[in-house]
Each structure stands twice: as C-alpha cells, then as structure tokens.
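Structure first, commentary second.
Count residues from 1 along the sequence.
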Amino acid sequence: MKHFVRGAAIAASAVLALTGCAGGGSAEPVPEITDPTLGSVPEGVLDGHTLTFAGDGGSTQDGMMTAWFDPFSSASGVSFNQDSPQTMAKIDAQVTSGNIQWDFVSSYADQIERECGRLFEELDMSKLDVSEIPESIPLLDCGVPSIVYGVAITYNADTFGEAGPTTWADFFDTEAFPGNRTFYNGDGNIDAPMVQGAAIAAGWDPSTPFTEEWASAGLDKIEEIADSVVFYNTGASAQQLLESGEAVMGAAWTGRILAAAQNDAPLTTSWDNWIGVIDYFAIVKGTENREAAYYAINYALGAEQQAAFTEATGYSPANVNSAPEIDELTEQYLVTAPDKADASVPVATEFWADAAIVAPLQDRWSSIVAGG
C-alpha cells in the first residue's frame, strides 16, 4: 500500500496535512504511564486524541490493524490513523521540518539504530512492559520488537524437483541453478539480511564477526548475479514473483513464502543459515504524542494481541505467553520454533548501526539495484 489504507484514515488525511498529528486543543492531557500493562489500556484514556502509525503496508499491516490497533482504538478512544510505506527519507523530512505526520513506526532494526536520537526518540523503558518479550530478542535504545520473521531461501519444486538450491552458495550459483531469482531491493536502503546471505556464499562463517570486508564480498556476489535478479520492493511483489514462476527461487520474507505456499505455489523452503530478522516499534523524534504511542505499543505486545497477529499473518509472536491457533503449514514457518532458531543467522545490528561504515556500502548497493 502506498496510501492511507482505511476509509476513516482517508477522511482524516486532509486534517493531518494541515495540522500534523496534534491531539487537539480540547482534549485532556494524556495520563502518564506509571505502571505499564501488556495487552490492555484504560477505557477511554485517549478520548479526543489522534495517533498515527506508519508501517510497510500490505497484508502485514492489515494484520496489525486487525490484531492490534483497531481494538486499541476502540478501547482507548483514540482516533487512529495509519499510513504506508514508512521510509527513512520521509521520517527525515518530517523531523527536519518539524512537521511530524507519523507518531510511531514499525521499521528495521539497523535503520532505527543508525538514526536513534536523531530521527527516533530514545525510549523510556519505565513506560513499557517488556517482561514477556523472548530473551532471544534484544531491546534497542530506540526500539522494542514489532515483527519477528526471517529471510529464507525458497525454490520452485516444479522447476528443480528435489534437487533445488538449499544453501546461499547454491542461490548464487547461476550455472548449477539457472533462472531468475528474487530478493528485496531495500526500498532505497541497503538490505542487511541479503548482504549477509551473500557474504555466507562468499565464505563468511556466521560464527565469526561480520566485517566491512565480508559486506564488500557479499556485494561482490550480488553484483556477479545481477543479470539474473528480479528485485521485489514489497512483500506482495515477492509473493507474486514466486507464485507466477517469474522467479524460480527467492530469498524472501518468511511470511510471504508462507502466503505463496497457502496459495498452492510449489515451493520448497530451506532453513540452512536463514537470516533472522526483527522489526521494531520506534517513536518518531519530536512527536507530541509520545505518551499515546507508549500506550499503543504496550497494547500491541500483549499475549492475545500477538497471537491474533500470528494467526492473521504467519509471523511469529513477540510474546512468550502467546498461544496462536494455527494450522500445520503456518507452524512450519514460525521462526521462533527451536528447530528453526538453531539454524538462524541474526542480522548483525551493531555492525549495520554504524552510519560511517554503511555509507560506502550503501552507495554500492544503490548502484547495483539501479543496474549500474
């Protein structure tokens, strides 16, 4: 989605364009959170206030609204708007101009870390209940988890039978495994999971630190196969490429591989060194609605809310007490399952958070994606 995705939000967008996200002068001040509680919000606590969230759109954001933010709006009384896609360029423009349109977002860990304190507020953890977040999920200075998923290799079994590409080396071997492959173009930003996967193909051992040299080697591998790549820029386009067979293999978001499989696409997925990815909630720097955003985040991280999100999207819950009711196929794609977690390679967030290191890598990535 490239626009407000609910009818009520469309009507509100004209107001937002003029006034930003201010809650309205007649509303009572938002009560300060002193005892944060997951999955609940005081009835009517945000009556008269407006809150705007930005994500990546599509079925994932639809699931967020259904599982989290529609019921949050009903309970809290807040007028809740949503927008997509969130991008660093748009957030930068809002913060730089002081015309804040989005109060909080769900975005990528490395980007939030790079811009923590500049584009995003450092979080006051006393206002958040993080007691039920799995210990395996790190907390960021500016973020708490929103989506738990991964990038895995999947291939068309009608094309390759049982002898398809199962490793990152296979994925980058266009002679042994010919045909178009698809992966994320980063929507303007270097895609950390893909570069790390490419680095594994180049010889990086994931048990050792990820370095500039390995990032450069990964970009070399990507450049080598650029003529055989059809980039996707949204989850929906990744799914379409896999379902149609235009791409005979992909390094794709696990929720979208699942969605394609649910539509009977003949896919076989490999979990060998899949890249574990976590998106995070972050509060936009300078918003006047920080307190309301904390209420929304606490609500979304509740066990029931996380279970409902998993049921809607196939992405894993970020709450240890969640018990989603899912079918066998969906269960195969829950990345928090022990058999999956043991084979994962986490995004090297600390490395990717260093803006000075990333800048020249970003230049190379942009050139490759642009066909240069």
Q: Apply the test ring pair (Phe, Tyr, Trp, His ring centres under 6.0 Å) to residues Trp253 and Tyr232: give CA-CA distance (whole Å), side-chain angles for both, the deciding distance (0.1 Å), then the verdict.
A: CA-CA 11 Å; Trp253 301 327; Tyr232 68 80; 5.3 Å; yes
Q) Any side-chain donor paired with an acceptor under 3.5 Å for Asp205 and Ser207? A) yes
Q) Does the side chain of Asp103 reach to within under 4.5 Å of the side chain of Ile283, using non-hydrogen atoms? A) no
Q.
Using every non-hydrogen atom in the two residues, find where Pro324 and Ala307 come nearest and quote the distance to one decimal.
A. CB-O, 3.7 Å
Q) Is a side-chain N or O of Ser322 found less than 3.5 angstrom from the main chain of Ala303, in a donor-acceptor match? A) yes
Q) Can you name the nearest heavy-atom pair linking Trp214 to Pro209, along with the distance? A) CD1-O, 4.2 Å
Q: Start with the C-alpha distance between Tyr333 and Trp271, add both sets of side-chain angles, then the distance that settles side chain to side chain contact (heavy atoms under 4.5 Å, CB included), and finish with yes or no.
A: CA-CA 10 Å; Tyr333 284 86; Trp271 296 95; 3.7 Å; yes
Q | Ser344 side chain to Ala341 backbone, donor-acceptor under 3.5 Å | A | yes
Q: Apply side chain to side chain contact (heavy atoms under 4.5 Å, CB included) to Leu267 and Tyr155, showing your working.
A: CA-CA 5 Å; Leu267 298 177; Tyr155 65 86; over 6 Å; no
Q: Return the minimal non-hydrogen interatomic distance between Ala356 and Pro360, and the atom names on each side.
A: O-CD, 3.4 Å
Q) Using the ring of each side chain (for Trp, its six-membered ring), is Phe104 parallel, tilted or perpendicular to Phe53, with breaks at 30° and 60°? A) tilted
Q) Does Trp168 reach the main-chain N or O of Asn273 with its side chain, forming a donor-acceptor pair under 3.5 Å? A) yes
**Q.** Taking every non-hydrogen atom, the tightest pair across Pro193 and Val277
**A.** CG-CG2, 3.8 Å
**Q.** Distance-minimising heavy-atom pair for Phe351 and Ala215
**A.** CZ-CB, 4.1 Å
Q. Is the shortest distance from a Lys or Arg side-chain nitrogen in Arg118 or Asp92 to a carboxylate oxygen in the other one below 4.0 Å?
A. yes
Q. Do the non-hydrogen side-chain atoms of Phe120 and Ile91 ever get within less than 4.5 Å of each other?
A. yes
Q: Using modelled atom types only, decide if a donor and an acceptor are shared between the side chain of His49 and the backbone of Asn289 within a distance under 3.5 Å.
A: no
Q: Rounded to the nearest 0.5 Å, what's the gap from OG1 on Thr96 to CG on Leu119? Could you check?
A: 7.0 Å
Q. Would you say Phe72 and Gln305 make side-chain contact, with heavy atoms under 4.5 Å?
A. no
Q: Mark yes or no for whether Asn298, through its side chain, and Lys127, through its backbone, hold a donor-acceptor pair below 3.5 Å.
A: yes
Q. Do you know which two heavy atoms are closest between Asn319 and Gly302, and how far apart they sit?
A. ND2-C, 3.6 Å
**Q.** Flag side-chain contact, heavy atom, 4.5 Å: Val78 against Thr50
**A.** no
Q | Gap between atom CD of Gln362 and atom CZ of Arg364 - 0.5 Å precision | A | 12.5 Å
Q. What about Tyr108 and Trp352, are their ring centers closer than 6.0 Å?
A. no
Q: Would you check, one step at a time, whether the test side-chain hydrogen bond (donor to acceptor under 3.5 Å, both in side chains) holds for Asp56 with Gln86?
A: CA-CA 6 Å; Asp56 292 319; Gln86 61 79 27; 3.0 Å; yes
Q | Ring centroid separation Phe210 to Trp204 under 6.0 Å | A | yes
Q: Report yes if the side chains of Glu132 and Leu301 come closer than 4.5 Å at any heavy-atom pair, otherwise no.
A: no
Q: Determine whether the side chains of Thr330 and Asp327 contain a donor N or O and an acceptor N or O closer than 3.5 Å.
A: yes
(Q) Could you check whether any side-chain N or O of Arg181 sits under 3.5 Å from a backbone N or O of Ser228, counting only pairs where one atom can act as donor and the other as acceptor? (A) no
Q.
Taking the side chain as everything from C-beta on, heavy atoms only, tell me whether Val358 gets closer than 4.5 Å to Arg114.
A. yes
Q.
Using 0.5 Å steps for rounding, measure from the CZ atom of Arg290 to the CD atom of Glu32.
A. 11.0 Å
Q.
Using the ring pair (Phe, Tyr, Trp, His ring centres under 6.0 Å) criterion, which residues pair with Trp365? Sequence neighbours excluded.
A. none
Q) Can you check side-chain hydrogen bond (donor to acceptor under 3.5 Å, both in side chains) on Gln111 and Glu115, steps first, answer last? A) CA-CA 6 Å; Gln111 295 180 22; Glu115 302 297 349; over 6 Å; no
Q. Between the side chain of Gln196 and the main-chain N/O of Ala348, is any donor-acceptor distance below 3.5 Å?
A. yes
Q.
Do Ser76 and Phe69 make a side-chain contact, defined as non-hydrogen atoms from C-beta onward lying under 4.5 Å apart?
A. no
Q.
Aromatic contact between Phe281 and Trp68, with the criterion being ring centroids under 6.0 Å apart: yes or no?
A. yes
Q. Donor-acceptor pair, Gln306 side chain versus Ala318 backbone, under 3.5 Å?
A. yes
Q. How many angstroms lie between CZ in Arg256 and OH in Tyr315, if you round to the nearest 0.5 Å?
A. 6.5 Å
Which pairs of donor and acceptor atoms, one on a side chain in residues 134-142, lie under 3.5 Å apart (sequence neighbours left out)?
none

Q. So which of Thr254, Thr154, Thr166 actually passes side chain to side chain donor-acceptor pair (under 3.5 Å) with Thr269?
A. Thr154
Q. What do the steps show when you test Ser126 against Asp124 for side-chain hydrogen bond (donor to acceptor under 3.5 Å, both in side chains), and what is the final call?
A. CA-CA 5 Å; Ser126 71; Asp124 181 349; 2.6 Å; yes
Q) Should the ring pair Phe172 and Phe183 be called parallel, tilted or perpendicular, given that the plane angle runs from 0 to 90° and is split at 30 and 60? A) tilted
Q: Working to the nearest 0.5 Å, report the span between OG1 of Thr234 and CG of Asp187.
A: 9.0 Å
Q. If you look only at pairs with a residue in residues 334-363, which of them pass as a salt bridge (charged side-chain N to carboxylate O under 4.0 Å, His left out), with sequence neighbours excluded?
A. none
Q. Are the side chains of Asp279 and Ser106 in touch, meaning some heavy atoms are under 4.5 Å apart?
A. yes
Q.
I'd like to know if Val144 and Val320 are part of one continuous hydrophobic network [Ile/Leu/Val/Met/Phe/Trp/Tyr, side-chain heavy atoms within less than 4.5 Å].
A. no
Q. Just by distance, with hydrogens left out, do Gln94 and Asn99 show a side-chain donor and acceptor under 3.5 Å apart?
A. no
Q. Taking atom CZ of Phe231 and atom CG of Asn180, what is their separation to the nearest 0.5 Å?
A. 11.5 Å
Q) Is a side-chain N or O of Glu121 found less than 3.5 angstrom from the main chain of Ala282, in a donor-acceptor match? A) no
Q | Side-chain donor/acceptor of Thr52 to backbone N/O of Trp102, under 3.5 Å | A | no
Q | Pair Thr349, Glu113: side-chain N/O donor-acceptor within cut-off below 3.5 Å | A | no
Q | Worked verdict on Ile33 versus Tyr295 for side chain to side chain contact (heavy atoms under 4.5 Å, CB included) | A | CA-CA 8 Å; Ile33 298 173; Tyr295 276 107; 3.5 Å; yes
Q: Quick one: do Leu334 and Ile326 satisfy side chain to side chain contact (heavy atoms under 4.5 Å, CB included)? Show the steps, please.
A: CA-CA 10 Å; Leu334 287 188; Ile326 53 176; 3.3 Å; yes
